[in-house]
Amino acid sequence: MALTSRPRGTNDIIPGEIELWHELEGKIRQVCHAYGYHELRTPIFEHTELFQRGIGDTTDIVEKEMYTFVDRGERSITLRPEGTAPLVRAYIENNLGSGALPVKLYYYGPMFRYERPQAGRYRQFTQFGFEALGSSDPLLDVEAIALPIDLYKSCGLSGFQVELNSIGCAECRSVYRKELTAHFEPHADNLCRSCQGRLHRNPLRLLDCKVESCQVIAKDAPKITEYLCPDCADHFSQVQKYLDTLGISYVLNPRLVRGLDYYTRTVFEVTSSELGSQNAIGAGGRYDGLVQELGGKETPAVGFAVGVDRLLLALKNQGKLQLSPSGPALYLVHFGGETKHKAAELAQGLRGRGLWIELDYADRSIKAQMKAANRLNSQYVLIIGEDELAKNQAVLRNMGDGQEESVALDELEQLITIVGACGK
Ligand code: AMP
């Protein structure tokens with residue numbers, strides 16, 4: 001059993017599906033290019049402390065979801081549960097902030113969280129995220145929303161919604177936290193166990209608890225936006241003005257606080273109507289204190305992370321991102337012996353030019369080989385018969401229209417011109 005089943009909450013991406021991933025990855029690279037973001041690759045595992053400090057000790061991720069182990073050198077290591085803290089660590093370590101600011105970076109790869117698996121929620125999942133470091137311009141907050149929207153649109157996704165909030169800075173939050181604790185305290189007995197634990201440590205998290213009894217109490221809680229200091233209020237109003245200028249629609253959600261401690265000011269989440277309970281396809285926000293928290297200079301920053309698995313799920317549910325069927329450029333049909341050697345030699349030459357070439361490895365009948373070429377959706381078939389080979393000739397058949405022509409086998413360029421024109 002253990003040998004033939006993958007660990008719970010993980011997925012195999014098999015041929016037939018991987019092409020969709022490749023297509024999406026191409027779109028991700030395109031949209032990052034358009035906004036001037038460059039890829040940064042960090043290790044899959046980091047020192048555990050990075051996430052404890054970076055994400056926050058009282059968050060679900062750090063409290064219960066990390067894959068942490070002690071390595072043979074007695075170091076505590078954690079498989080990365082998210083990409084921002086590692087990216088910021090790499091930004092500081094490689095001194096990437098020494099030139100012109102802002103620095104725009106993106107990451108793409110697997111993340112690991114010990115969560116209860118269900119549709120759209122896995123223990124290994126893929127995130128694409130991007131971060132702009134070194135500027136507090138509200139326009140960058142808005143671009144952090146515009147970029148994923150461009151990506152969703154380029155994939156053909158519809159039915160998504162942007163939710164927006166500001167959770168202020170440390171200053172406005174300290175006043176708000178007191179008000180919030182005072183609101184929840186009289187109801188402490190009716191809160192779920194997690195919220196009871198968080199009431200004094202991290203009361204903001206009580207606002208986005210999914211348990212119904214907690215939601216009822218949270219409904220009348222004071223709103224953070226009423227406690228914003230003048231600077232944070234001005235920043236938030238500028239964000240909304242830029243969103244209007246760019247024609248990006250959004251809804252204000254005063255209960256949106258996000259599960260990671262590092263956020264300041266603007267937070268946002270994009271949800272899809274195509275998904276069930278796990279409907280968030282991306283989320284992000286500003287985190288002006290994180291670089292300093294992790295040992296760097298004071299550096300404002302803003303970013304966003306897209307759940308790639310969920311985005312693909314939403315696209316599948318909408319019947320979008322369908323691939324045009326692809327197949328080999330050429331299938332070489334041979335009669336064994338010398339003709340197979342010729343086929344092997346031709347395949348070698350054509351593959352060297354980047355063309356997808358297939359041939360028979362089982363010395364099957366011509367009929368079976370033609371069938372195989374058809375099944376693979378091959379664009380051309382080259383039939384190398386013994387008599388033709390003696391004359392250095394072969395018959396090239398266009399599988400689309402059935403037209404046949406004789407080609408010279410020592411004229412590789414001629415073959416490439418015809419076959420290569422149909423794509424790779
Ligand atoms: P977060 O890092 O929690 O802000 O998540 C950002 C995005 O990653 C979410 O909006 C989801 O689309 C995706 N995501 C987070 N956790 C998971 C998971 N366990 N499985 C699949 N996707 C996830």
Side-chain angles (χ1 to χ4, degrees), residues 6-13 21 24 28 42 46 50-51 54-56 58-67 78-88 106-131 141 144-145 147-149 151-152 155 157 159-165 167 202 204-205 207-210 253 256-264 266-287 290 301-317:
R6 54 184 182 260
R8 227 164 100 71
T10 64
N11 291 298
D12 298 315
I13 308 172
W21 287 76
L24 181 55
I28 287 173
T42 63
E46 298 271 358
L50 175 70
F51 301 113
I55 304 175
T58 60
T59 56
D60 281 353
I61 294 180
V62 172
E63 275 187 342
K64 21 184 198 203
E65 295 172 1
M66 295 205 302
Y67 279 90
T78 294
L79 300 186
R80 62 179 185 195
E82 58 97 57
T84 302
L87 183 138
V88 168
Y106 78 90
Y107 58 84
Y108 177 93
M111 305 294 160
F112 305 85
R113 294 182 195 172
Y114 192 81
E115 295 198 82
R116 206 151 44 80
Q118 53 183 281
R121 197 206 267 175
Y122 312 109
R123 291 182 174 167
Q124 177 176 333
F125 58 98
T126 299
Q127 273 188 350
F128 148 61
F130 59 91
E131 323 282 348
D141 303 38
I145 299 172
L147 189 158
I149 288 183
L151 175 69
Y152 300 145
C155 298
L157 187 76
F160 55 83
Q161 190 179 53
V162 178
E163 294 184 26
L164 182 73
N165 193 22
I167 54 169
N202 194 354
L204 258 75
R205 291 303 316 282
L207 293 174
D208 70 351
C209 179
K210 301 283 181 283
N253 177 358
L256 181 68
V257 291
R258 312 280 304 111
L260 299 88
D261 270 0
Y262 50 61
Y263 287 112
T264 52
T266 327
V267 288
F268 31 86
E269 193 160 283
V270 183
T271 53
S272 164
S273 55
E274 289 301 319
L275 297 168
S277 61
Q278 302 302 310
N279 64 352
I281 46 173
R286 180 162 277 289
Y287 51 93
L290 183 60
V302 61
F304 191 93
V306 175
V308 179
D309 313 69
R310 273 191 213 169
L311 174 55
L312 279 166
L313 211 58
L315 288 167
K316 261 190 214 157
N317 291 349

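Both counts, for ligands and for their atoms, begin at 1 and track the order of listing. Position 1 is the first residue of the sequence; numbering continues from there.
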message: For atom 21 (C) of ligand 1, tell me which residue out of G120, P81, G285 has the closest non-hydrogen atom.
response: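 Comparing heavy atoms across G120, P81, G285, the nearest one to atom 21 (C) of ligand 1 lies in G120.
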Side-chain donor/acceptor of [X] to backbone N/O of [Y], under 3.5 Å:
X: D208; Y: L256; answer: no
X: R121; Y: G9; answer: no
X: R113; Y: P81; answer: yes

query: Which of these, T266, D141, T264, sits in a side-chain hydrogen bond (donor to acceptor under 3.5 Å, both in side chains) with R286?
result: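 Among T266, D141, T264, the one meeting side-chain hydrogen bond (donor to acceptor under 3.5 Å, both in side chains) with R286 is D141.
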Looking at ligand 1, does any of its N/O atoms fall within less than 3.5 Å of an N/O of [X]?
X: E82; value: no
X: E115; value: yes
X: G282; value: yes
X: A280; value: yes
X: R121; value: no

- request: Could you check V267, N202, L207 and say which one makes a side chain to side chain contact (heavy atoms under 4.5 Å, CB included) with V257?
  value: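 Output: one option passes, namely L207.
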message: Does any part of the side chain of S277, heavy atoms only, come nearer than 4.5 Å to the side chain of Q118, both counted from C-beta?
response: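 In short, these two side chains touch, coming nearer than 4.5 Å.
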task: For side-chain hydrogen bond (donor to acceptor under 3.5 Å, both in side chains), just list the numbers for E274 and N317, CA-CA rounded to whole Å, side-chain angles, deciding distance to a tenth of an Å, and then say yes or no.
output: CA-CA 6 Å; E274 289 301 319; N317 291 349; 5.0 Å; no
Within a distance under 4.0 Å of any heavy atom of [X], pick out the atoms of ligand 1 and give their elements.
X: I281; result: 10 (O), 12 (O)
X: Q127; result: 1 (P), 2 (O), 5 (O), 6 (C), 7 (C), 8 (O)
X: R113; result: 1 (P), 2 (O), 3 (O), 15 (C), 16 (N)

